[in-house]
Amino acid sequence: MRKMTEKNLNEAFAGESQAHMRYLIFGDVAEKAGYKNIARLFRAISYAEQVHATNHYRTLGMIKDTEDNLQVAIDGETYEVEEMYPVFNEVAKFQGEKGAEMSTHAALEAEKIHAELYRKAKESVKNKKDLDIGDIYICSVCGYTTVGEAPEKCPVCGAPKSAFKKF
Ligand SMILES: [Fe+2]
Ligand SMILES: [Fe+2]
């Protein structure tokens, strides 16, 4: 692919990805405020942005088989754990930004677990097997991730068991 087109598609992928996420968040806000149809509109258009992002990503040749995709996921999570979030967290502390300090700390803790789970998944795929994993629970407050059963209290943010979403 020509360089300029590649750069444009990467920018479009980033923009559509952010719009997808932004609209999901806005949809939840609208839902809570009682605007059911506006929530539905946000979610529908969020899905359209996901389709656009997927098409750009595919055109860039970034969608591979699951083993390769897991390696991309491992690399991303590892970068977040080893470089990005520790540095972001220090900067937040240095600048006295309490909210950012908390959100980067919570993300760092979860990404460690994500990297590990993806590593296990890749091992399984190498042996041509699906991952042997039980229920996956995500804290809806901070994103803490655990497998098997939800804890009584989130170890990262203290949210109760009822705040966990099962996958
Ligand atoms: Fe993650
Ligand atoms: Fe939490």
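Excluded from the calculations below are hydrogen atoms, water molecules and symmetry mates; all remaining heavy atoms, backbone and side chain alike, are included. First listed ligand is number 1; within each ligand, the first listed atom is number 1. The first residue of the sequence shown is numbered 1, and numbering continues consecutively from there.
Across Ala110 and Gly143, no two heavy atoms sit closer than the pair CB-O, 3.4 Å.
Counting only protein atoms, the N, O or S atoms lying less than 2.8 Å from the Fe ion (ligand 1) are Glu77 OE1, Glu77 OE2, Glu111 OE1, His114 ND1, ordered by chain and residue number.
To the nearest 10 degrees, the Fe ion (ligand 2) sees SG of Cys139 and SG of Cys157 at an angle of 100°. Rounding to 10 degrees, one finds that the Fe ion (ligand 2) sits at the corner of an angle of 100° between Cys142 SG and Cys154 SG.
Looking only at side-chain heavy atoms (C-beta outward), Tyr144 and Ile113 come within less than 4.5 Å of each other.
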| said: For a side-chain contact (heavy atoms from CB on, under 4.5 Å) check, start with the C-alpha distance between Thr59 and Met1, then their side-chain angles and the critical distance, and finish with the verdict. | reply: CA-CA 9 Å; Thr59 305; Met1 185 182 290; 3.9 Å; yes
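Surrounding CZ of Phe94 are at most 12 heavy atoms belonging to other residues, nucleotides or ligands under 6.0 Å away. A 6.0 Å sphere centred on CG of Asp130 holds no more than 12 heavy atoms belonging to other residues, nucleotides or ligands. Within a 6.0 Å sphere centred on CE of Met4, heavy atoms belonging to other residues, nucleotides or ligands number 12 at most.
Evaluation of the salt bridge (charged side-chain N to carboxylate O under 4.0 Å, His left out) test over residues 74-88, restricted to residues two or more places apart or in two chains, returns none.
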